[in-house]
2 protein chains.
Amino acid sequence: MNTALTVSEAAARFGLTAHTLRWYEQVGLVDPVPRDGAGRRRYAEADLNRLAFLTRLRTTGMPVREMLRYVELARLGSETEAARRALLEAHRRRVLARIADLEADLEVIDRKIASYGS
Amino acid sequence: MNTALTVSEAAARFGLTAHTLRWYEQVGLVDPVPRDGAGRRRYAEADLNRLAFLTRLRTTGMPVREMLRYVELARLGSETEAARRALLEAHRRRVLARIADLEADLEVIDRKIASYGS
DNA sequence: AGTTGACTTAGAGTGCACTCGAAGCGGGAG
DNA sequence: CTCCCGCTTCGAGTGCACTCTAAGTCAACT
């Protein structure tokens with residue numbers, strides 16, 4: 001079974017562009033993806049899973065800079081698990097705060113909408 | 001009673017910089033703020049209220065481009081109220097969707113944190 | 001009177017995260 | 001065999017939202 005995807009297919013799966021996926025590789029966010037005989041990227045299950053998690057970090061607003069620190073910790077092996085966990089927990093707190101802010105701001109906007117009457 | 005604030009004071013109140021506040025004026029996000037005898041901006045109650053709402057739009061992710069459309073509608077008077085309301089409602093839906101996305105992504109991150117054990 | 005510090009303007013510069021262009025290669029369809 | 005399309009690399013360009021610089025003014029403090 002050959003489920004390996006091309007760069008465009010993988011990009012589509014995560015709502016990114018092929019350009020962006022190559023760029024992620026270029027800046028070191030993901031390790032170089034295995035190539036086929038013609039030198040083309042082939043995204044296998046494991047690559048897709050890594051991407052899936054990274055895109056979650058990204059869409060929740062983690063800066064690329066910090067994602068780089070995370071993946072570099074991961075490259076160093078299991079000794080860095082505590083550090084990675086701490087990094088994710090800090091991010092989690094930021095996301096929770098962001099959600100709370102959005103909800104508070106939304107209430108103000110709702111009041112404005114209401115002020116326009118029906 | 002003179003409660004009018006300087007540009008820095010007003011900026012501090014909204015977590016912006018004086019530079020940003022001047023830039024908002026320059027690009028037309030806010031009308032030129034009344035000046036004192038020395039030509040310095042003096043933010044009165046009404047100016048601060050307008051800014052308070054605009055910063056809510058901004059922090060909820062409305063692009064400056066769209067905020068401009070909103071304030072231009074407001075300048076046109078009460079005939080544009082329906083359009084303004086529609087614009088805010090569309091934004092409201094986007095913010096709700098954003099919150100939902102953040103919550104879904106956060107769950108994935110939580111699972112990852114849990115996978116690192118205690 | 002002099003110094004300090006916040007203000008003024010116009011315009012240039014920055015950081016982030018892509019996004020695109022150019023030039024070339026390779027593999028499947030007709 | 002030829003055409004076309006999607007891939008390759010490298011490097012330059014873009015859009016957004018600020019952010020800062022330079023040169024100057026003005027009011028208040030010492």
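Every value quoted in this text rests on a predicted model; they were computed, and no experiment measured them. Lettering of chains follows the sequences in order, A, B, ..., and the numbering in each one begins at 1. For the numbers below, each heavy atom of this structure counts, side chains included, while hydrogens, waters and symmetry mates do not.
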Which atom pairs link the protein and nucleotides 1-3 of chain C when you take only N or O atoms and keep those under 3.5 Å?
none

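For DNA chain D, the residues of residues 12-37 of chain A within the heavy-atom distance limit of 4.0 Å (strictly under) are A/Arg22, A/Arg35, sorted by number. Sorted by residue number, the list of members of residues 88-97 of chain B with any non-hydrogen atom under 4.0 Å from DNA chain D is empty. Near DNA chain D, defined here as any heavy-atom distance below 4.0 Å, there are no residues from residues 48-68 of chain A.
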Test side-chain contact (heavy atoms from CB on, under 4.5 Å) applied to B/Leu54 and B/Val71, step by step: CA-CA 9 Å; B/Leu54 288 178; B/Val71 300; 3.8 Å; yes
B/Tyr116 and A/Leu88: side-chain contact (heavy atoms from CB on, under 4.5 Å), yes or no, with the steps? CA-CA 10 Å; B/Tyr116 283 130; A/Leu88 292 185; 3.8 Å; yes
side-chain contact (heavy atoms from CB on, under 4.5 Å) between B/Leu106 and A/Thr60, worked out: CA-CA 8 Å; B/Leu106 197 53; A/Thr60 48; 5.7 Å; no
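First and last contacts of DNA chain D with chain B, using any nucleotide atom under 4.0 Å from a protein heavy atom and ordered 5' to 3', fall at D/dC16 to D/dA27.
Other residues, nucleotides and ligands contribute at most 12 non-hydrogen atoms within 6.0 Å of the CZ atom of B/Arg65. The environment of B/Arg35 atom CZ is dense: over 12 non-hydrogen atoms of other residues, nucleotides or ligands sit within 6.0 angstrom.
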Side-chain donor/acceptor pairs under 3.5 Å, residues 92-101 of chain B, sequence neighbours excluded:
residue, atom, partner, partner atom, Å
B/Arg92, NH1, A/Asp110, OD1, 2.7
B/Arg92, NH1, A/Asp110, OD2, 2.9
B/Arg94, NH2, B/Glu66, OE1, 3.1
B/Arg94, NH2, B/Glu66, OE2, 3.0
B/Arg94, NH2, B/His91, ND1, 3.4
B/Arg98, NH1, A/Thr59, O, 3.0
B/Arg98, NH2, A/Thr59, O, 3.1

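For B/Ser8, no side-chain nitrogen or oxygen approaches OP1 or OP2 of C/dA6 to under 4.0 Å. The side chain of B/Arg41 contributes an N or O atom lying less than 4.0 Å from OP1 or OP2 of C/dT8.
The side-chain heavy atoms of A/Arg41 and A/Arg22, taken from C-beta on, include a pair separated by under 4.5 Å. Within the 4.5 Å cutoff, the side chain of B/Val30 has no heavy atoms near those of the B/Arg50 side chain. Between A/Tyr24 and A/Arg58 there is a side-chain heavy-atom pair separated by less than 4.5 Å. Annotation: side chain of B/Thr55 is not in contact with side chain of B/Arg13 (no heavy-atom distance under 4.5 Å).
Residues B/Glu25 and B/Asp31 share a closest heavy-atom pair of CG-O, 4.0 Å. Among all heavy-atom pairs drawn from A/Arg42 and A/Asp47, the shortest one is O-OD2, 3.9 Å. Nearest approach of A/Leu48 to A/Ala10, heavy atoms of both residues: CD2-CB, 4.0 Å. Between A/Leu73 and A/Thr80, the shortest heavy-atom contact is O-OG1, 2.6 Å.
Salt-bridge check for B/Arg111 with B/Glu107: passed, with a basic side-chain N closer than 4.0 Å to an acidic carboxylate O.
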